[in-house]
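We use all heavy atoms of the structure for the numbers below, so side chains are in, but hydrogens, waters and symmetry mates are not.
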Amino acid sequence: MGATIGITRWRMEQLSWASARDAMRRFNIIPRRNAAAALVLAAMAGSMMSDQAYAAPPGSNEIRIGNTAPYTGPASAYGVIAKVISAYLDKVNAEGGINGRKVNMITYDDAYDPNKTMEMTRKLVEDDQVLFTLGTIGTNTNAAIQPYLNSKKVPQLFALSGAAAWDQPREFPWTMGFLPTYTAEAQIFAQYILENHPRSRIAVLYQEDGMGKEYLKGLKDGLGGKVAIVAEAPYKVSDTNIDAQMAKLKASNADVFIEFTTPKFAIMAIRRSVELGWRPHHFVASIANSYSAVIQPAGPQNAEGLLSAAYRLEGEDAVAAGDVAFREWSAFMQRYVPSVSKTNGQAVLGYLVSRTLVEVLKNCGDDLSRENIMKQARAIKGIQLPMMVQGILINTSPSDHAPIEQMRMMRFTNGNWQHFGPVRSGIDPGAVSDSFKTIFKYGTATKRDLANQLNANTVSLMTGSFGSTYAQVGADLASVLDNGTALRILPVMGRGSVQAVADILLLRGVDAGIVRKDTLAYLDRKDFAKDIRNQFVYVAKMFNEEMHVLAPRTITNMRELDGKTVVVDLPDSSTFVTAINVFERLGIRPHLIYQEPRLAVDMLRKGEVDAIVAIEGKPLQWLNQVNDRNLHLVPVDYAKTLQEEYLPSKLSSTDYPGLVPDGGYVETVAAEAVLASYNWAPNSDRYRRLSLLVDTMFDKVAQLQRPPFHPKWREMAPRATVSGWTRFKAAQEWLDRNMPPGAAVSAASGAVPAPVAAPAAAAFSPQERDPLYREFLEWRASRAKAGANR
């Protein structure tokens with residue numbers, strides 16, 4: 001029975017018994033009686049077969065991929081795309097497969113219903129265990145499965161819709177589109193109009209949904225207000241005619257008519273324009289320029305002079321394709337899908353998707369992990385495919401998930417589409433700049449409206465001095481979380497923990513900051529800030545910051561710093577507070593020098609100071625550049641007086657190869673850094689903005705914990721509590737929803753991963769582990785001391 005599953009599922013679900021039998025013969029499969037019976041039942045029951053999981057786990061000689069397509073329903077004409085893809089993979093397998101492996105495409109009928117698409121995609125991933133999905137057709141159908149596939153880290157390759165949503169690698173790194181976006185195509189129309197009809201009046205007919213609105217927005221952005229759109233007329237897909245819309249558009253006296261429609265309404269618009277005696281320069285979208293699906297039913301005589309844009313060739317355009325490419329295309333269609341007409345543009349699209357997929361899989365070599373498949377899909381460079389318009393290349397990158405961004409204008413003349421003019425790009429390189437976009441909008445919006453839009457979702461984050469851990473963490477947050485006007489993180493260079501506390505309390509516009517737990521405790525203990533525990537809340541514990549004490553080798557322990565001259569950073573810094581707190585708790589009274597540690601190394605070498613203290617996340621860049629045999633890192637014992645506010649830590653030779661002997665380490669202590677804010681009222685705008693930061697950051701912790709971001713992100717433990725302080729309400733609510741106490745959390749689930757812990761402590765939360773670890777260290781120290789006294 002297992003062999004029969006190698007036949008693609010659409011054949012088993014959609015074809016008659018005779019057709020299935022013929023398909024089996026083609027695959028050289030001889031079913032046993034129970035297999036034949038299963039096929040008979042499948043033919044009788046139709047898609048009921050898809051509800052059972054027949055597939056075995058993929059073998060080492062198999063590349064198993066998944067697809068859903070509208071073989072039935074209102075968009076059944078698009079089912080041709082999947083049939084051609086499946087047929088092309090049959091051809092590849094007949095020629096030996098890819099890198100010695102057969103490609104098994106399992107495809108189900110989703111009837112163009114997003115709910116069905118979701119159901120079938122789950123089956124593909126969880127039951128059929130496909131490596132990735134390919135060529136799902138439609139905007140709403142792809143949108144339905146995009147969050148699921150990204151949460152599972154399953155590549156969603158070559159989504160067949162022109163929506164811009166498939167080119168958002170930061171938000172959806174596992175999704176990639178294929179077609180030129182609606183926006184890009186509309187901008188190409190705009191380029192042509194600006195060059196050839198700069199004084200025209202434009203009328204637009206568009207479908208009243210996301211597709212039509214994206215087209216319209218792209219046109220307006222491309223025109224930039226330089227040519228007037230004098231009339232707009234939307235229609236609904238349920239409309240039986242567009243007579244009223246066409247009458248309105250004609251009455252506008254427009255001399256350019258652009259329709260962003262699907263084939264059914266394109267046919268109506270072409271015919272009605274002629275009936276009304278209105279013959280403007282007429283543009284039709286590429287999704288509705290098929291000869292067989294639109295021009296022929298509308299009447300070629302009515303379409304004379306029609307304008308459009310294309311990236312692919314017509315299936316019988318032998319001249320444009322070239323002899324070799326056209327012969328190869330024709331031979332494939334005739335042998336593998338003879339029932340599909342070569343004039344069907346959807347067949348060409350299926351052919352192009354197949355050819356691109358084969359290139360990606362070949363480049364994967366023997367590494368068929370989902371990560372490598374996505375890596376190779378992001379690394380397509382300058383591919384020119386047969387049956388594509390000459391000069392249009394397929395390119396992708398980690399920041400560009402839109403393989404095709406170019407098109408060429410064409411005109412319907414004497415019964416044929418004829419390409420003319422240069423290959424045009426629908427992407428303005430300057431458009432990737434949010435600042436350019438803002439400046440562009442400045443010319444079309446009031447200053448007040450634009451300012452409100454830009455400020456609504458901007459969060460100011462107080463960090464640290466240049467080169468500090470805080471500053472790098474702030475930069476990381478901006479890199480990962482910034483999302484145009486939806487959220488912008490504005491890291492502000494600060495002076496450290498004490499200044500950050502003051503800025504959060506007093507400085508206008510500061511929403512949050514990175515501070516140290518011991519700074520808050522010190523201020524509270526010294527009563528420097530009245531009722532600070534009620535004014536301050538924390539979002540999450542961020543990471544630990546190690547105490548570095550750099551001194552000549554003549555100083556062997558912290559006690560020897562009593563009365564010595566010690567650099568402790570500027571008076572507003574994090575190091576300053578932690579240093580004086582540690583010295584106070586150890587009963588050490590040095591003479592303090594307030595200087596940035598990185599600027600004091602020369603003073604130390606000259607003997608002008610006796611030690612430098614720096615308390616930041618390891619490794620410190622400036623300290624790694626110190627390679628002086630006369631200097632070393634002084635150990636900081638984990639004394640009982642430090643255990644209330646600090647954690648034990650080590651500085652290894654890996655951290656500082658120039659200061660710690662190979663394989664060795666220096667014991668020290670670490671202070672806890674937290675993301676904190678003022679305790680804003682829940683109904684305030686500041687609370688809303690901070691909530692936006694919280695939701696987005698917690699969702700992206702897993703991404704921040706990977707290179708190239710600061711290694712300290714790996715210590716972030718969202719669930720860890722900061723004893724004695726109150727968590728920001730929205731942060732606690734997020735944790736209650738997504739990481740309830742006792743819930744198993746793993747990277748595979750797409751949730752924020754828990755911090756790495758030793759197996760023996762895995763059952764305990766981070767806050768429970770700290771006291772246990774401290775007790776263990778005390779026990780270890782007492783055992784060592786007892787052994788030394790024997």
Cation-pi geometry met for R355 and Y88 (6.0 Å, 45°)
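Not flagged: R355 not positioned over aromatic ring of Y88.
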[X] and [Y]: which non-hydrogen atoms are nearest, and at how many Å?
X: M388; Y: I392; result: CE-CG2, 3.4 Å
X: F412; Y: P300; result: CE2-O, 3.6 Å
X: L160; Y: F178; result: CD2-CB, 4.0 Å
X: A347; Y: M333; result: CB-CE, 3.9 Å
X: N142; Y: W166; result: CB-CH2, 3.3 Å
X: F132; Y: V154; result: CA-CG1, 3.8 Å

Intermediate values then yes/no, side-chain contact (heavy atoms from CB on, under 4.5 Å), I295 and L306:
CA-CA 10 Å; I295 304 299; L306 200 66; 3.8 Å; yes
Is atom [atom1] of [X] surrounded by more than 12 heavy atoms (other residues, nucleotides or ligands) closer than 6.0 Å?
X: K375; atom1: NZ; value: no
X: E95; atom1: CD; value: yes
X: R370; atom1: CZ; value: yes
X: K264; atom1: NZ; value: yes

Do Y182 and F260 make the cut of ring centroids closer than 6.0 angstrom?
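That pair fails the under 6.0 Å test.
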Check: F332 ring centre within less than 6.0 Å of Y351 ring centre:
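So the answer is yes for these two rings.
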Tell me whether [X] contacts the main-chain N or O of [Y] through its side chain, where contact means a donor paired with an acceptor under 3.5 Å.
X: S341; Y: T343; value: yes
X: D239; Y: K236; value: yes
X: Q346; Y: A77; value: no
X: N67; Y: L134; value: yes
X: R64; Y: D128; value: yes
X: D367; Y: S369; value: yes

Throw together a table of side-chain donor-acceptor distances under 3.5 angstrom for residues 279-286, partners on residues two or more places apart or in other chains.
unit_1, atom_1, unit_2, atom_2, d
H282, NE2, E259, OE2, 2.7
S286, OG, E185, OE1, 2.7
S286, OG, E185, OE2, 3.3

Please list, chain by chain and in numerical order, all residues satisfying salt bridge (charged side-chain N to carboxylate O under 4.0 Å, His left out) with E359, sequence neighbours excluded.
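Partners of E359 under the salt bridge (charged side-chain N to carboxylate O under 4.0 Å, His left out) test: none.
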How many angstroms lie between atom CG of N99 and atom CG of N363, to the nearest 0.5 angstrom?
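If we round to the nearest 0.5 Å, N99:CG and N363:CG are 9.0 Å apart.
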What's the separation between atom CD in Q187 and atom CE in M407, rounded to the nearest 0.5 Å?
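Output value for this atom pair is 13.0 Å.
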Any side-chain heavy-atom pair from [X] and [Y] closer than 4.5 angstrom?
X: W278; Y: F257; result: yes
X: L307; Y: Y192; result: yes
X: P173; Y: M374; result: no
X: Q146; Y: W174; result: no
X: I373; Y: L157; result: yes
X: K102; Y: E62; result: no
X: V423; Y: L393; result: no
X: K152; Y: E126; result: yes

Does the distance from a Lys or Arg side-chain N to an Asp or Glu carboxylate O, for E275 and R272, drop under 4.0 Å?
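Here E275 pairs with R272 in a salt bridge, since their nearest N and O are under 4.0 Å apart.
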Let's go through Q207 and T262 carefully: what are the C-alpha distance in whole Å and the side-chain angles of both, what is the deciding distance for side chain to side chain donor-acceptor pair (under 3.5 Å) to 0.1 Å, and is it a yes or a no?
CA-CA 8 Å; Q207 191 160 294; T262 48; 3.2 Å; yes
Taking side chain to side chain donor-acceptor pair (under 3.5 Å) as the criterion, tell me which of D110, T133, D109 meets it with T68.
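For T68, the side chain to side chain donor-acceptor pair (under 3.5 Å) check succeeds only for D110.
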Which label fits Y112 and Y78: parallel for a plane angle under 30°, tilted from 30 to 60°, or perpendicular past 60°?
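Ring orientation, 0 to 90° scale: tilted.
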For residues 287-300, pull every pair meeting side chain to side chain donor-acceptor pair (under 3.5 Å), keeping only residues two or more places apart or in separate chains.
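For residues 287-300: N289-S308, S290-S292.
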Start with the C-alpha gap between T107 and Y71, add the side-chain angles, then the distance that decides, and say whether side chain to side chain donor-acceptor pair (under 3.5 Å) holds.
CA-CA 10 Å; T107 177; Y71 297 114; 2.8 Å; yes
CA sep, side-chain torsions, deciding dist, call: I106, L124, side-chain contact (heavy atoms from CB on, under 4.5 Å)
CA-CA 8 Å; I106 301 173; L124 286 166; 3.8 Å; yes
Given side-chain contact (heavy atoms from CB on, under 4.5 Å), test M410 with V389 step by step and report yes or no.
CA-CA 11 Å; M410 61 182 187; V389 173; over 6 Å; no
Assess the residue pair H401 and T396 against the criterion (side-chain contact (heavy atoms from CB on, under 4.5 Å)); give the C-alpha distance rounded to whole Å, side-chain angles, the decisive distance to 0.1 Å, and a yes or no.
CA-CA 6 Å; H401 283 197; T396 61; 5.9 Å; no
